[in-house]
Every structure is written in structure tokens, then in C-alpha cells.
Protein chains: 2
Amino acid sequence: MASQAELLIRPHGRATPARRRVLEVLLGAAHAMSHAEIEAELETDVCPDRVTLYRVLDWLVSKRLAHKIAGDDRAWRFNAVAADGHGHAHFHCTRCGQVYCLSELQPAFAFSLPPGYRFDSAELTIQGLCPRCSEAA
Amino acid sequence: MASQAELLIRPHGRATPARRRVLEVLLGAAHAMSHAEIEAELETDVCPDRVTLYRVLDWLVSKRLAHKIAGDDRAWRFNAVAADGHGHAHFHCTRCGQVYCLSELQPAFAFSLPPGYRFDSAELTIQGLCPRCSEAA
DNA sequence: AATCAAATGCAACCAACTTGCACATTCGAG
DNA sequence: CTCGAATGTGCAAGTTGGTTGCATTTGATT
């Protein structure tokens with residue numbers, strides 16, 4: 001019985017324990033996770049090494065299974081990519097610093113690039129207060 | 001005769017040589033500049049110290065005179081803020097890593113946040129190839 | 001010109017991330 | 001099943017970008 005993570009990984013390369021667990025954690029996360037958060041979530045026996053985690057995450061990103069977003073604390077946050085990848089918006093809470101993935105939100109952009117620029121993808125980041133901080137404020 | 005930089009700075013605080021020169025450099029830049037690029041642009045007598053530059057940049061950002069954007073090399077890039085600040089789009093070249101400011105581009109977003117989220121501002125980042133890299137590709 | 005809050009310069013520090021290399025694992029071929 | 005080459009992993013040490021604490025200097029108000 002192969003996990004969802006394994007099914008996602010196999011077409012791209014080896015399904016190692018580290019990759020499986022990391023992707024499982026990301027798939028189950030409600031928000032984008034920092035390296036440290038992911039590390040804390042992992043069992044000690046899987047991936048006892050920070051470096052491996054960095055490499056696993058980079059690999060997932062390179063295979064488009066995860067997204068890498070820059071927070072304002074100069075550390076990366078990661079989240080599993082559900083399906084397509086286009087038009088996917090992020091919400092950054094300016095109070096707690098957390099980044100939430102608004103996968104339901106399919107913003108309608110309308111713009112045209114200046115001549116010479118070649119379009120690949122676009123990402124919308126919305127700043128504000130998350131529900132929890134909005135409550136507390 | 002006060003420079004444009006000085007006029008922008010004075011309402012917020014002291015117009016020191018470091019602040020003046022840094023803002024001048026940013027105002028004259030065609031794209032978002034990294035700390036190192038700015039440092040290289042400065043005369044050696046103004047701001048001989050990395051730390052001061054960091055502080056000047058943070059100060060400019062805190063006064064909304066500059067923008068701070070995260071590149072994919074975990075270093076910040078800065079650019080002078082022209083006027084308003086809302087709806088201002090960035091173009092990130094995936095080949096050379098440069099970030100260009102598309103100030104003319106006023107994208108029309110249409111979205112509604114899930115309940116509980118409080119909106120403050122939004123930023124659109126477009127990925128692709130810049131004119132120079134597009135040419136070379 | 002005197003004053004003092006605000007800014008600077010220095011030196012040390014820190015955390016996030018990378019690199020190089022030896023060792024272990026995966027998984028497909030036989 | 002088992003063997004082996006390609007692929008990952010683990011460790012130690014290094015690099016980079018950014019920060020902190022504190023003594024000294026400086027801008028602009030009086």
C-alpha cells in the first residue's frame with residue numbers, strides 16, 4: 001500500500017524514507033512551513049540531519065512537488081503543491097509572520113508586460129492579518 | 001539647493017550623507033539593488049561600513065521611501081518607492097535573478113479573501129525572462 | 001555656539017544555508 | 001533473489017547575509 005506521497009514521488013525518482021516523510025508532513029500542513037518547523041515535525045530516526053532536509057526540500061521544489069517562498073525573516077517556507085501551480089496566492093500575516101496558502105483563491109489578473117519580457121508564471125502575495133491575529137488585535 | 005533625495009528624507013528625520021547618497025543611488029537605479037550592489041555604487045567616504053548601510057536601508061523601508069524584496073538567493077533587494085505603493089508589480093527574471101520594478105504596470109486584481117483575513121496590501125510578482133535574457137535564450 | 005537625541009563605526013556575533021567527500025540505500029537487471 | 005551502479009544520506013567544516021551592543025560623532029534645533 002503506497003502512500004499518497006510515494007505516488008507523487010515515484011515518477012520523479014527514488015522514494016526514500018526522508019522524501020516520503022517530508023512530503024507527507026507538507027501535505028498535511030495548514031500553512032507554509034519553515035525548515036525548522038518541518039524538522040520538529042519529523043521523527044528523529046527519519047532524516048537526523050539538517051543537510052538532508054535541505055536537499056530533500058530542494059529536490060521537491062525542483063520536481064515541482066513543493067513551493068518555496070521567502071518570508072521576511074530571511075528563511076524559506078515550503079508547502080506542498082496541490083495540482084497546477086498557476087495563479088496560486090499566498091497570504092502573509094504581518095503580525096505573526098505566518099504564511100498561509102490560499103489555494104481556493106484564484107485571482108483574476110489582468111496585465112500586459114512591457115515589450116521584451118517573457119512571461120512564465122505569476123504569484124500574488126497578500127499582506128494583512130490572519131484570522132487568529134485579526135481576532136487578537 | 002536640496003536634492004530630491006533630501007526633500008524626500010527631511011520630513012521623516014535627519015538628512016545624513018549616508019541616507020542622501022543611498023536614496024540617490026536607489027532613485028537612479030533601473031532595477032532593485034542588492035546590498036552589495038549599492039555598496040559598490042557608493043563612494044568610499046560615504047558609509048564605509050556595511051552595518052550603516054543595512055540600517056539606512058531599513059530606515060528607508062520603515063519610512064516607506066524604499067521597498068524590500070526577497071530574491072531567491074536569500075539576499076534582500078531594495079528599490080526606491082515612487083509614489084503610492086499599492087498594486088506595484090515586480091518582475092523576477094529566472095535566468096539572471098534580477099528583479100525589475102514594473103511601476104507602469106497596474107494590475108487589476110479581483111479576489112476576495114476567506115473570512116477572518118484582514119487585507120492590508122497586495123504584491124504581484126511575475127516570473128519569466130527579462131528582455132536581455134529573453135534575447136540571449 | 002551649545003546641546004542632545006539620533007546616527008554612525010567598529011568588532012564581535014548569529015543563524016541559515018552550502019560544499020566536499022565517504023558511506024549507505026534504492027531498485028532494476030540478470 | 002541478489003548484485004551493483006546510480007542515487008541519496010550523514011557528517012564536519014565553511015561561507016554568506018544580516019544583527020547586536022556600545023562608544024563616538026554629528027545634525028539641526030535652541
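To find a chain, count down the sequence lines: A is the first, B the second, and so on, and within it residues start at 1.
In this structure, A/Leu53 places its CG atom 14 Å from C1' of D/dG8, rounding to the nearest Å. The separation between B/Arg50 atom CZ and C/dC13 atom P is 15 Å, rounded to whole Å. Nucleotide C/dT8 holds its P atom 9 Å from the CH2 atom of B/Trp59, rounded to whole Å. With rounding to whole Å, A/Ile38 atom CD1 is found 14 Å from C/dC17 atom C1'. To the nearest angstrom, P of C/dA11 lies 10 Å from CG of B/Asp49. Distance CG (A/Leu57) to P (D/dG8): 15 Å, rounded to an integer number of Å. In this structure, A/Tyr54 places its OH atom 15 Å from C1' of D/dG10, rounding to the nearest Å. In this structure, A/Ile69 places its CD1 atom 17 Å from C1' of C/dA16, rounding to the nearest Å.
In the interface, the side chain of B/Arg55 is not paired with the base of D/dG18 through any donor and acceptor atom under 3.5 Å apart.
Annotation: B/Glu135, atom CD; neighbour count of heavy atoms from other residues, nucleotides and ligands within 6.0 Å does not exceed 12.
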Next item on the list: Show the numbers, then the answer: is there a side chain to side chain contact (heavy atoms under 4.5 Å, CB included) between B/Met33 and B/Phe78?
Entry: CA-CA 5 Å; B/Met33 297 177 80; B/Phe78 299 85; 5.7 Å; no

Note to self: Please determine whether side chain to side chain contact (heavy atoms under 4.5 Å, CB included) holds for the pair A/Leu26 and A/Ile38, giving the CA-CA distance in whole Å, both sets of side-chain angles, and the decisive distance to 0.1 Å.
What the structure shows: CA-CA 8 Å; A/Leu26 289 180; A/Ile38 298 170; 3.9 Å; yes

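Toward the 5′ end of DNA chain D lies the nearest nucleotide of B/Phe78, the other residue of the pair B/Arg10 and B/Phe78 mapping further downstream. Toward the 5' end of DNA chain D, the nearer of the two residues B/Pro17 and B/Trp76, judged by each one's closest nucleotide, is B/Trp76.
Remark: A/Thr16 is not in phosphate contact with D/dG8, judged by side-chain N or O atoms under 4.0 Å from OP1 or OP2. Remark: A/Arg14 is not in phosphate contact with C/dG28, judged by side-chain N or O atoms under 4.0 Å from OP1 or OP2.
Between A/Ile9 and A/Arg14 the shortest heavy-atom distance is CG2-O, 3.5 Å. Of all non-hydrogen atoms in A/Leu102 and B/Pro114, the two that sit nearest each other are CD2-CG, 4.1 Å.
Closest to the B/Arg74 side chain, of the nucleotides C/dC17, D/dG8, C/dC10, is C/dC17.
When heavy atoms are screened at a 4.0 angstrom cut-off, A/Arg19 is found touching the sugar-phosphate backbone but no base atom. The residue A/Ala36 sits apart from the nucleic acid: no heavy atom pair falls under 4.0 Å.
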